Amino acid sequence: MKRVFIHTFGCQMNVNDTMRMSEALASMKYSPTPVAENADLIILNTCSIREKAEDKMLSALGRYRQVKLQRGALIGVGGCVAQQEKNRILEKVPYVDFVFGPDAIQKLPEILQRVEADRVRVVETAWVDSESYVFPRADPSTSRGKATEFVTVMKGCDNVCSFCVVPHTRGREVSRPFTDVLTEVASLTTVGVREVTLVGQNVNSYLGGISFAQLLLRTAEVPGIERVRFTTSHPHDLSDELVEAFRLQPKIMGHFHLPVQSGSDQVLVRMRRDYTVVEYLERLAKLRAARPTIAVTTDIIVGFPGETDEDFEKTYALTEQVRYAGQFSFVYSPRPKTGAAMREAEWGSVPHEVKVARLEKLNALQKRISSELNAQQVGKTVQVLVEGSSRTDATRRFGRTEHNTTVNFDGDAPIGALVQVQLASSSAASLSGKQVSIESMPSVLIPEVAAVPEVCLT
Ligand code: SAM
Ligand code: SF4
C-alpha cells in the first residue's frame, strides 16, 4: 500500500473534492496518511479565492520539496489555482509532477499511471461544462465516524460578481441530478450520518430536475436524515418557494448563510451583485417571517475598489441592523481576469491600512453582536447533534445547535445522538452546558475513534 497526503486549502467544496480524490486514489492502492513526511504522493488541493490562499499554497510546495528529495514522493497540484495557473506552476515549480483541475478528479488514477509509467509531467485541466458531467459519487465508508456530512449538489457558477474568480476556475453551473443527490444521502445514512449539508457555489439556482426548495424537502424525507442544511446562497435567488420550505419542514435547520458583501448600493452595483440593500432586507424579512428564530450569517468584503468611508459605514450599519449571528469578512484581494481587478485603477484602490482598519472595526462589531446573541441563549435547553469529543476538553462532548452554533457540554451521549442540552454559559464563538436528556439515538453506532485525518485545512 502506498500513502497519500492531501493538503486542502479553502472552502467546504474543496474538502469534499479531497474526499473524492482519496476515494479515486484507493483504486490505485493509495491510503491516506496525515503526515506529509511519510507520503509517496503529496497533493495540494488549492484555492484561489484570495491572494493569501495562493501564497500559502506556494510556501507549502516549498516545504514538500524536501519530501520529494528524500523519498522521491510525487507531487501534484489540483483545485482552482491549478485550473487557472497551470503554466505558471509548471514553470515556477519544476518539481511538480502533475497539475489537474476540479473536473479531473476522477481521472487521477489515469494521470498517476501516466506520471509513474512515462515519467512525464501531466496537465489535465479541461472543463466538463455540460449536463453530461458525472459527479463523483461519494463512497459512504469515507464518512464512517461522522454524524454530519457534506453532499455536492452543483458545480461552477453562472454569476459574474466582479471580484470573484470562481467562474474562471470552476466554469459554468452544472446541477447534479436530484436522484443522484438523494441516493448519495441515503447511502450516507447507512454509516450513521444523520445531518447533511447540501453544497454548491450558489445552491439556490439548482436545476437538477426539481427546484432547490423541493430538493431540500425531498432530502429531509430520506429515512434516517434528521437535519438538513445548505451553503452557499446568492440573495437574488432566494425564492419564495425556498422561504416556504423553511415554514413547512422543521428538519431544515434554522440557519441561513446569505452573503451580502456590502451595505452600500453603490458598491453592490460595481460588484455586479444584482440586488440593492433594500431588496436584500426584504428577502430577509420574508425568511424571518417564515422562521422567526432563524440565525443569519453573511460574507462581507471590505476595501473593494472605490469603497469610501461612507460606503463602509453603510456596511457597518447593516451589520448592526441585521444582527448577523456571524460573518466571514475579508479584505478585498484583486484576482486575475476579474472585472474588479481590471477596473481597480479607474475605481480607485483602497490603501491596505484602511482596508485592515475597516476589517478590524467590523470584526469587533460582529464579535459584540455574536456575544450578545449567544448570551441570550444561556438558560435555554436546545437540541444538539453529537459530533464527538469537545476539541477544547476531551472529557466533554461537542455538537451544534440548529443555528449551527458550536456547543461543548458535559454528557455521555454517543456520536450521532440528538440530545437536549441546558446552556450555562456562552462566548462570541460557542455555547457551553450540560446534557439533560437523549432525544434519539443513532440507528448505527458510530465509532468514537475518528478516521485517519486525510485533510489538513489552512
Ligand atoms: N457564492 C457565494 C456568494 O454568492 O456570495 C460566495 C462564494 S465565495 C467562494 C466565498 C466568499 O469569498 C465570498 O462571499 C466573498 O465574500 C469572498 N471573496 C470572493 N472573492 C474575493 C476577493 N476577490 N477578495 C476578498 N474576498 C473575496
Ligand atoms: Fe463568486 Fe458567489 Fe458571485 Fe458565483 S455568486 S461569482 S461564486 S461570489
Side-chain angles (χ1 to χ4, degrees), residues 8-17 45-55 79-81 83-84 102 150 152-175 197-206 212 230-238 256-264 267-275 280 283-284 296-307 312 315 318-319 324 326-344 347 349-350 352 355-356 358-359 362-363 366:
T8 309
F9 298 82
C11 66
Q12 193 48 55
M13 269 150 273
N14 269 16
V15 175
N16 244 22
D17 285 352
N45 186 9
T46 61
C47 167
S48 60
I49 199 81
R50 284 170 289 278
E51 213 167 1
K52 235 183 189 168
E54 227 179 286
D55 294 346
C80 291
V81 182
Q83 185 71 39
Q84 215 184 14
F150 293 85
T152 301
V153 301
M154 65 192 304
K155 73 175 193 93
C157 183
D158 283 350
N159 290 309
V160 282
C161 304
S162 65
F163 52 82
C164 185
V165 79
V166 168
H168 306 274
T169 59
R170 298 253 166 182
R172 302 297 303 265
E173 243 167 63
V174 181
S175 295
T197 304
L198 306 185
V199 292
Q201 289 298 347
N202 182 21
V203 285
N204 302 169
S205 63
Y206 175 82
F212 184 62
F230 56 94
T231 194
T232 181
S233 309
H234 190 299
H236 78 73
D237 290 316
L238 204 184
F256 207 114
H257 186 66
L258 195 58
V260 67
Q261 311 298 356
S262 171
S264 158
V267 175
L268 287 175
V269 168
R270 286 200 298 265
M271 287 180 163
R272 300 193 66 177
R273 286 293 285 184
D274 273 1
Y275 52 83
Y280 177 88
R283 277 162 213 174
L284 211 54
V296 180
T297 55
T298 200
D299 290 348
I300 285 173
I301 296 178
V302 297
F304 185 77
E307 184 190 68
F312 172 71
T315 301
L318 183 72
T319 297
Y324 291 109
Q327 65 175 257
F328 297 106
S329 30
F330 309 100
V331 158
Y332 169 74
S333 146
R335 305 312 296 133
K337 295 192 184 150
T338 57
M342 288 190 251
R343 297 189 66 182
E344 186 159 354
W347 291 339
S349 298
V350 175
H352 182 68
K355 285 182 186 169
V356 172
R358 287 179 187 167
L359 185 70
L362 195 59
N363 280 341
Q366 184 57 58

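Counting starts at 1 for both ligands and their atoms, in listed order. Only a predicted model underlies this, so the values are computations on that prediction, with no experimental measurement involved.
At least one donor-acceptor pair closer than 3.5 Å links the side chain of Thr46 to the backbone N or O of Val81. Here the side chain of Tyr280 pairs a donor or acceptor atom with the backbone of Leu258 at under 3.5 angstrom. Judged by distance alone, with hydrogens and angles left aside, the side-chain atoms of Ser233 form no donor-acceptor pair with the main-chain N or O of Asn204 at under 3.5 Å.
Of the candidates Arg50, Arg358, Lys355, Val331 forms a side-chain contact (heavy atoms from CB on, under 4.5 Å) with just one, namely Lys355.
Residues of the protein with a heavy atom under 4.0 Å from ligand 2 are Cys157, Asn159, Cys161, Phe163, Cys164, Val166, Pro167, Gln201, His234, Arg273, listed by chain and number. Enumerated by chain and number, the residues approaching ligand 1 to less than 4.0 Å through a heavy atom are Ile49, Arg50, Phe163, Gln201, Thr232, His234, Pro259, Gln261, Arg273, Asp299, Ile301, Phe330, Val331, Tyr332, Ser333, Arg335.
Inspection of the His236 and Asn159 side chains reveals an N or O donor paired with an N or O acceptor under 3.5 Å.
In terms of the side chain to side chain contact (heavy atoms under 4.5 Å, CB included) criterion, residue partners of Cys80 (sequence neighbours excluded) are, by chain and number, Ser48, Thr169, Arg170. With sequence neighbours excluded, the residues satisfying side chain to side chain contact (heavy atoms under 4.5 Å, CB included) with Asp158 are Arg172, Glu173.
Residues Met154 and Phe212 have side chains not in contact (no heavy-atom distance under 4.5 Å, counting atoms from C-beta outward).
Using cut-offs of 30° and 60° on the angle between ring planes, the pair Phe304 and Trp347 is tilted.
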